[in-house]
Every structure is written in C-alpha cells, then in structure tokens.
Undergrad: 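Here it is, the structure in full.
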Amino acid sequence: VLHTYSGRGEGDNNTGRYSNPKMDALLKAAKTELDVGKRNALLEEIQLLHREDVATIPLHQQLPSWAMRRNIDTPARQDNGLDLRWVTVKQAR
C-alpha cells in the first residue's frame, strides 16, 4: 500500500497514489534484509515515515461486535473475524 504505484506488482493497492522515494527505498531494503534486528529497524523507520507523512487517513474504525466469557480467550483480529483454531477455553472456576 505504501509503495509508489508501478503497475508491476509494487504499490498496486496504493489507490491514493501516495509516493515517497525514501519509503520505496526502505521497503525495498526491508524485503531483502535477512538480519532480524536490521529488518525490524527498517520497518520501524517505515512506520515513523508513514506517520510523519500522514500517508493514509483511516476513515472508519470498526468496533468489535462480539464479546466472550471470562474463561474464553482468543486474539482479536484486524478483520473482526473469529478463528476457532485460536480460541482457548479455560476451566470454569
């Protein structure tokens, strides 16, 4: 999404046509960096640049539409879906 639209697979979901050459260089470096520490540093720099540029403006924030009991635990997903494979049921007290 943050990569400049190229028509060759990079930035194809960049419908707002955001473009920043520094962001493109960081994304390219992060894609090929094998050292976890260096890659995480690149990703952090990408996030900081994204925030400074205000590259995307979220127009809608979906609130979770479900709840669970205290003895049930599951990770919250970004798409607000429920994957039963990750649900943990603890013994009731």
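We count residues from 1, following the sequence as given.
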Undergrad: Compare all side-chain heavy atoms of Lys90 with those of Ile72 and state whether any distance is below 4.5 angstrom.
TA: no

Undergrad: Using a 4.5 Å cut-off between side-chain heavy atoms of Ile, Leu, Val, Met, Phe, Trp and Tyr, which other residues end up in the same hydrophobic cluster as Leu43?
TA: Leu2, Tyr18, Met23, Leu26, Leu27, Leu42, Ile46, Leu49

Undergrad: State, yes or no, whether a side-chain contact exists between Glu45 and Lys22 at a heavy-atom distance under 4.5 Å.
TA: yes

Undergrad: Where do Thr4 and Ser19 come nearest, in terms of heavy atoms and distance?
TA: OG1-OG, 3.0 Å

Undergrad: Around atom CZ of Arg70, are there more than 12 heavy atoms from other residues, nucleotides or ligands closer than 6.0 Å?
TA: no

Undergrad: Using a 3.5 Å distance criterion without hydrogens, assess whether the side chain of Asn71 forms a donor-acceptor pair with backbone atoms of Val89.
TA: no

Undergrad: Run the side-chain contact (heavy atoms from CB on, under 4.5 Å) test on Lys28 and Glu33 for me, step by step, so that the C-alpha distance in whole Å, both residues' side-chain angles and the decisive distance to 0.1 Å come before the verdict.
TA: CA-CA 9 Å; Lys28 184 177 180 179; Glu33 181 57 60; over 6 Å; no

Undergrad: With a 4.5 Å limit on heavy-atom distance, are the side chains of Glu10 and Lys31 in contact?
TA: yes

Undergrad: Pairing donors with acceptors under 3.5 angstrom, does anything connect the side chains of Asp73 and Thr88?
TA: no

Undergrad: When you compare the side chain of Leu84 with that of Thr74, does any pair of heavy atoms fall below 4.5 Å?
TA: no

Undergrad: Which heavy atom in Asp12 sits nearest to a heavy atom in Arg8, and how many Å separate them?
TA: OD1-N, 4.2 Å

Undergrad: Of all the heavy-atom pairs spanning Arg77 and Asp83, show the shortest one and how long it is.
TA: NH1-CB, 3.4 Å

Undergrad: Under 3.5 Å, is there a donor-acceptor pair between the side chain of Asp53 and the main chain of Ala55?
TA: no

